[in-house]
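Here's the structure, in structure tokens; my notes come after.
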Amino acid sequence: MAPWTNWAGTEAADPRHVVTPTTTEQVVQEVERAIAQRTTVKMAGTGHSFTGISAPVDTMLRPDRLAGIVSVDRDAMTVTALAGTPLHVLNAQLGRLGLSLHNMGDIEEQTLAGATSTGTHGTGGTVASLSAQIAAFSMVTGRGEEVHASPSSHPTLFEAGRIGLGALGVLTEITLHVEPLFALQAHERPMSWDTALSTYDEMTREHHHVDVYWFPHTDRVMTKVNDRLAELDDLRPLSRWRHWLDDELLSNTVFGMITSLGTRAPATIPRLNQVSGRALSERSYSDIAHRVFTSPRRVRFKEMEYALPREAGLEALREVRRVIDASSCRIGFPVEIRSTPADDIALSTSSGRASMYLAFHVPVRADHTGYFAGVEDVLRAFDGRPHWGKMHTLAADDLAKLYPRYDEFLALRDELDPDRVFTNPYLRRVLGD
């Protein structure tokens, strides 16, 4: 059997046993078997994490047949879906029901369980992460028990388990708060570095969602602001031709060629970034929310992302630029800047504080070590918290200092998975044994 690898090829595993469960009962059976044999079990998802958070060691559960919406409560405005549902499937099914998620990130290939367990987030809104939109969930614990958690049932588990890192159990169903189907007006335009940073706070006050991309070695920035429309009438989506030109040809095919050239000849990257930055054009369009939030990502990359206290974010970004400019690194991918409100989830990177996220990428074949190490030193100095699903070097002792509720999470792990049925090397690094 072929070994498991993640999307970026940064992690690999060779599980001894692979199962594709169709029911919760089958998940329970596999967990009970692992307990009896003193082995481990992981639901692997689609591998869109850059860390080994979902890497299986002994038994790998595939999510393929645990997908789809199972119930809708229009009075409570919640939807319950099987935890293996890919986000693009969830979005399509919600759209047919006339419903939307409040917010989401810019990729929709992950499973619902994988995206929520790692704290996948968007930008802006009243909540930014998918995890903060959870109303309830069901999981199979390391004792082989199925547990349903909500604010009124197992509230301690609910508070911590919405971002459970796969360390507390195997998620089987997730109930999400939803809204009536809505549309967004998107406005994308290039700016200078100075203009973008001097107006960033104003943009985040005046618009519902703000996403900013800085091209290293240049003063060029692309900004994208999204605002809710009051009605679904008169949407003006990108034409099929414009979508193909901008989002497929330029953002994927041509960008892939540029990054490939830069990987082979790093000295060309500053000039290539100048060309890319100046080629950006302004555009506006409106569409159903998830079509605006998400976009195709066909150029493979490696990524590190940290959440910083919102008030320190712009200062940290300026320091990151000074470090990049002073280094010999040549960076062909834009740096992404997003902001989120605070939430109340124990191990959320936005737990207890509004945050600014800085995300750093390199082509999948490029060496990331020097770039990520230099930037990570800056981010740690600003009390940054690394995204659980993206590359970083922090371990349990470091992370315990960043999360006031870290010990609470560990105590819950001891209760729900005393035999460490769900552990793997990454979880041992970030949570300890």
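What's counted below: heavy atoms across the whole structure, side chains too, no hydrogens, waters or symmetry copies.
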Member of W214, F372, F301 meeting the ring pair (Phe, Tyr, Trp, His ring centres under 6.0 Å) criterion with F333: F301
Does the T120 side chain pair with the main chain of T116, one donor and one acceptor, at a distance under 3.5 Å? no
Regarding H102 and T126, do their side chains bring together a donor and an acceptor under 3.5 Å, going by distance alone? yes
Between E305 and R338, is the closest basic N to carboxylate O distance under 4.0 Å? yes
Qualifying residue for side chain to side chain contact (heavy atoms under 4.5 Å, CB included) with L427, from D417, T40, L165: L165
Looking at side-chain heavy atoms only, is the closest gap between Y406 and L399 below 4.5 Å? yes
Donor-acceptor pair, distance only, cut-off 3.5 Å: does the side chain of S351 make one with the backbone of I345? yes
State the CG-CG distance between L130 and L176, to the nearest 0.5 angstrom. 7.0 Å
Between N6 (side chain only) and T10 (backbone N and O only), is there a donor and an acceptor less than 3.5 Å apart? yes
Salt bridge or not for D106 and K224, using N-O below 4.0 Å? no
Centre-to-centre under 6.0 Å for F50 and H387, is that the case here? no
With a distance cut-off below 6.0 Å to the six-membered ring centre and an angular limit of 45° from the axis, does R236 pair with Y285 as a cation-pi contact? no
Looking at M391, is its backbone amide N or carbonyl O close enough to the side chain of T51 to form a donor-acceptor pair, meaning the two atoms are under 3.5 Å apart? no
H121 and Y357 aromatic centres sub-6.0 Å: yes
Cation-pi between R162 and F158: NZ/CZ under 6.0 Å from ring centre and within 45° of the ring axis? yes
